[in-house]
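The structure under discussion appears below in the form of C-alpha cells.
Values in this document were obtained by computation on a predicted structure and should not be read as measured data. Throughout, protein chains are lettered first and strands after them, A, B, ... in sequence-line order, and every chain is numbered starting at 1.
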Amino acid sequence: MHPAAKRLHDHEVSGDETNIEYGASEFGGFGQYFRNKQIKLDTQLREANQCRSQIFKDCHIYLNGRTEPSHTILKGLIVSNGGSICAFLGGKTYATHIVAEHLTKRKNNQFANYKVVKPAWVVNCVNQGKLLDWTNYRAIESSLPTLDPKETQEQIILEEREKVNCLAPDYISSYYARSRLHFLSTKKAELRSKCQQLAGQLPVAERPSPRTILHIDFDSFFVAVALKDKPDLKDQPICVSWGGPSSDIASCNYKAREFGVQNGMWVSRALQLCPKLVCLSYNFDEYTRCSDVLYQEIVDLRPDYVTAVSVDEALVDVTSLCSKTDASQLAQELRSRIKAKTGIEASVGVAPNIFLAKMALRLAKPAGVVCLTQSSAPQRLANCSVRDLPGIGYHIAAKLADLGVTNYSHLKRVTENTLKNQLGNAVGTKLVDYLNCQDSDDISLMDQVQKSVGVELCWGVRLLNDNEVAQFTSNLTEELWSRVQSLYPETLTIKFYRRAADAPFVTPKYMGCGRCDVTSKTRRVVGLDLEGLKTLVIQCVQSFACPPMDMRGLGLQLRLMDTTTPTHHAIKFPQLETASRSTSPNKPKIQLPPSRRRGPTTLSQFVNQPDKVEVDMEVFDNLPSQIKREIMAHEDEFLVKVPSSRSRSEPAAVTTYEPVSFRGVTSEAGLRQVLRDWMRSAESPHYEDVCEFRDFVDYLFDSDWNWTKAISLVNYLNHCSLNLSQDWQYLAKVMQERVAQKILPIN
DNA sequence: AAGGTGTGGTAGC
DNA sequence: ATCGCTACCACACCTT
C-alpha cells in the first residue's frame, strides 16, 4: 500500500480521534477520563448530523488561519459529510488537504507539498454534493506536485544550519546531553545492568508460586522533581519541556491532564487546551539522584529480585519478605521512606504477578498503594481501557477497537482465535493471559544479558551533499563505537530516515525529521574495527540512494554475539571431512581498515607451511606458559609431534584428556559451545587442540562462504578468553592475527 | 525446518 | 525555535 494510502487507512481505523497520535506516548494514568474537548466536538457533530453524505470520505483536512466561513462551520461541513479534521500537520496522521485563506511566506513554503485550497472549495463541494477538483480552488499557486527547487532547499538548509548544525563536532554529544529519551534509555540500561549484578549477589531463593511482586514508580516524575523547589506551583497545571511551541511535553501533572494535556504532546497544542499551563525545565542530575535513592531503598529491603523498568520505576519480588511482613504495609513503608528522602511521591502496586502489579500501580496513582489478587482483579480492572494494558499501544488498541474492544472487560466477548488472528499469536496469547489475570513473564527470568547496542539521531539532520552525509554518518558511527566498549558485535542494522515523498521540506516540528520513510539493512561486522565499521556504514548509507537533502535521520544498531545460550539448531554448514584445503576460488570480500594492513601476505603462505622444528606434544604441554606462547605465535616454525591416538588414550595421563573436535558441529552456536567446553576444560590450551582449532578455522576461512564465521569464531574465542589465563588470551590474539592477515591480500 | 532480513510496535517521562 | 532514544519482541517473507 502506498504510504499515504496506508496513513489514510490507519486514520479510518482510528475513527475521528484525529489527535490520538499523542496517545502513543501517553502514560501514567487513565487518559480516557481526560478526553480532549476537540474530539468530543467532532464526535458530537458527527453524531448530530449522522453523516449526511460521504463527500469528504478519506479526506483528512487541516484548517489554517482565519477563514470565512469560520473554522466551526467548516468543521461541521467536513465532518458531517464524511471527512475528518486534522488537528495538526505532521505527526503520524497525514492531512490530505489544507484549507486556508491567506498564507504567510513561510507557510507557503511549508505547505508546498499539500493540496492547499480556499474555504470555498469545502462550501461548494457540499452545495454540489460531490468532491470538486481542488485545483480550481488553489490557495497557493505552486502546490502539488512541484517540490521546492533544489536551490530553495539548499537555501533553507543553510539557514537552518546556522541555528542547528548537525556537523558541529560536539553536536551529537550536546544533543544527547539534552535528550530526555536518550536519558531514559541509557539510564534504563545502566540500571538493568546494576540489577543484574545485584541478582548475582542475592541468595538464590526457592520460588514458591504465588509470588509477591511490587511495582513502584514516582508520580509524574519529571514534574515532581521540577516542583521540589517551587512548591507554590503544585496546584497549577504544570509540564516539563524545553519550552518552545513544538517542544515535547515530557511529563505533566494531574492538574494539567484534566485539560486533556498528555505526555508527548507539543507545547503549542497543550497551550490551546490549557492556556495557563506552566512549563518547567528538565533537571537530569536530580532525576538521577532521586533514582539512586529509590533503588537504594529497594535494595535495602533485601528483596528476592529487582528488575529496572525505568529510571524511576522498578519491579521487585518480595515474596520471601512477605512471609513475615504484610505486603501492603511493606509498600507503604517503602513509599514513606522514599518520600522522606526525595521529597516526591511514589506509588506502589502489589500483586502476585507482573501484569497485575502494573495494573495495581495504575490504580494506586497518585500517591497510593493498591493490592490486587487473582480474585479481586477482574472487577477492579473491568472498566480500564485496553490502552492501559502493558504492551498495548496505540496501534493494537485501534485494532482492538475494530473488534469492539475498548476496555478490559470487553476482552471476554472475543474468542482467543479472533485475537490471535487479528493481532498475532503473541499479543493474542498475552491478552488471554491478561483476561485470566495471569502473566507468563517471570521477573527472575528478565534482565538477561544485553543483546544489542545502538544509537539513533533524527533531529536536526540537515545535510547538503554526499560528503556531509558521510561526515555525519562517520560521527554517529564513532558515537556508536564509544558505546561498544568490550562488548562483542556480530551484525549491524542501519536504519535510514528519508523524508517521505509527500512530506513538506520544512518540518512541522522545528528541526524535526517530519514524516519519513524508514528503510534498514543488516550486515555482518565481525572482525571490523572502527575504521572498517565506518566504511561499511557509509557504504550502506550510500546504497539507500537518498538525495542528501532528504536525509532526516540515522540509526545504527549492533546485535551482540550470544555468549550464553547454546542452541540445538543446526544450520547448514559443510562438514570438515569433505573439506578441501586449497585456496578458495572466490576470495572473500571484506572492507578492512588501512590500519590492519601489514604488508603483503598471501594465503598460500599459510597453506604451504615451511619446514618446522619438531616439538613433542607432551613436552609442549608441560612447557612454561611463556614458551608455549612463543611457540603458538611462531607455530609455523615448529612442528609438534603428536603421539598416535593409541598412545594418547593410554592411561598414562592421570587426568582424562579429551581432544577437542569441531568435526560434525553444524551450527555457529554449536561451535561456540564446543569452544566454551574447550576453554572450561583446561587452564591453558593443549597444543593438539590448538592445531585442530587452527585447521578448522583455516578450513572455514577457505571455504566459499564461511569466512565471516571463521572470523566470528576467532573473535568469540578472544571475547571469552578475556576471563581466562594469558595462554588463552594469547591463542586468541594469534588466531586473530592469522585471520586478519588472511583477509589482507583481498583488499 | 531453521535461519536471516526487513519492518513495525511498545515502553519509559 | 529544539534536543523525536533505544532495547527488545514479534512477525512476514525469503533462502537454503
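The side-chain contact (heavy atoms from CB on, under 4.5 Å) check on Val267(A) picks up Ser241(A), Ser247(A), Ile249(A), Leu271(A), Cys279(A), with sequence neighbours excluded. Applying the ring pair (Phe, Tyr, Trp, His ring centres under 6.0 Å) criterion to Trp242(A), with sequence neighbours excluded, gives Tyr282(A). Take Lys420(A) and apply the salt bridge (Lys or Arg N to Asp or Glu O under 4.0 Å) test, not counting sequence neighbours, and it matches Glu416(A). With sequence neighbours excluded, the residues satisfying side-chain contact (heavy atoms from CB on, under 4.5 Å) with Lys451(A) are Gln448(A). With sequence neighbours excluded, no residue satisfies salt bridge (Lys or Arg N to Asp or Glu O under 4.0 Å) with Arg192(A). Checked against ring pair (Phe, Tyr, Trp, His ring centres under 6.0 Å), Phe355(A) has the following partners two or more places apart in sequence or in another chain: Tyr434(A). Checked against ring pair (Phe, Tyr, Trp, His ring centres under 6.0 Å), Phe496(A) has the following partners two or more places apart in sequence or in another chain: Phe544(A).
The side chain of Ser310(A) contributes no N or O atom lying less than 4.0 Å from OP1 or OP2 of dA11(B). Within the 4.0 Å cut-off from OP1 or OP2 of dG4(C), at least one side-chain nitrogen or oxygen of Arg180(A) is found. Look at Arg257(A) and you won't find any side-chain N or O under 4.0 angstrom from OP1 or OP2 of dC13(B). For Thr522(A) and dG6(B), the shortest distance from a side-chain N or O to OP1 or OP2 is below 4.0 Å. Of the side-chain N and O atoms in Lys509(A), one or more sit less than 4.0 angstrom from OP1 or OP2 of dC3(C). Phosphate contact (OP1/OP2 of dG4(C), side-chain N/O of Arg552(A), threshold under 4.0 Å): absent. Side-chain N/O atoms of Tyr176(A) include one lying less than 4.0 angstrom from OP1 or OP2 on dT6(C). Within the 4.0 Å cut-off from OP1 or OP2 of dC3(C), not a single side-chain nitrogen or oxygen of His182(A) is found. At dC5(C), one or more side-chain N or O atoms of Tyr175(A) fall inside 4.0 Å of OP1 or OP2 (strictly under the cut-off).
Atom NZ of Lys255(A) has 12 or fewer heavy atoms from other residues, nucleotides or ligands within 6.0 Å.
Between Asp439(A) and Lys358(A), no side-chain nitrogen of the basic residue sits less than 4.0 Å from a carboxylate oxygen of the acidic one, so the salt-bridge criterion is not met.
Side-chain atoms of Ser185(A) come within donor-acceptor range of the base of dG12(B), with a qualifying N/O pair under 3.5 Å.
Counting any heavy atom pair closer than 4.0 Å across all strands shown, Thr519(A) reaches sugar-phosphate atoms only and no base atom. Within 4.0 Å of Glu313(A), counting heavy atoms only, lie sugar-phosphate atoms of the nucleic acid but no base atom. Backbone-only engagement by Val455(A) is indicated by non-hydrogen atom pairs under 4.0 Å involving sugar-phosphate atoms exclusively.
Of all the residues in residues 277-288 of chain A, not one reaches under 4.0 Å from DNA chain B with any non-hydrogen atom.
Counting only residues at least two apart or in different chains, salt bridge (Lys or Arg N to Asp or Glu O under 4.0 Å) contacts with residues 213-222 of chain A comprise Asp217(A)-Lys365(A), Asp219(A)-Lys365(A).
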Contact state string [nucleotides 8-15 of chain C, B base, S sugar-phosphate only, - no protein heavy atom under 4.0 Å]: SSSS----
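In this structure, the nucleotide among dC5(C), dT6(C), dG9(B) sitting nearest to the side chain of Ile396(A) is dG9(B). Closest contact between the side chain of Ser246(A) and the listed nucleotides dC13(B), dA1(C), dC5(C) involves dA1(C). When each of dT10(B), dC3(C), dT6(C) is scored by its nearest atom to the side-chain atoms of Trp459(A), the top-ranked nucleotide is dC3(C).
When Lys339(A), Lys234(A), Lys228(A) are each tested for a salt bridge (Lys or Arg N to Asp or Glu O under 4.0 Å) with Glu345(A), only one passes: Lys339(A).
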Bracket notation of DNA chain C in which parentheses pair within the strand, [ ] cross earlier pairs, and | pairs with another strand (Watson-Crick or G-U, under 3.5 Å): ....||||||||||||
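Separating the CG atom of Asp217(A) from the C1' atom of dC13(B) is a distance of 10 Å, rounded to the nearest angstrom.
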Identify each donor-acceptor pair in which a side-chain atom of residues 425-433 of chain A lies under 3.5 Å from a protein atom, sequence neighbours left out, and give them as a table.
residue   : atom : partner   : partner atom : Å
Thr429(A) : OG1  : Asn425(A) : O            : 2.6

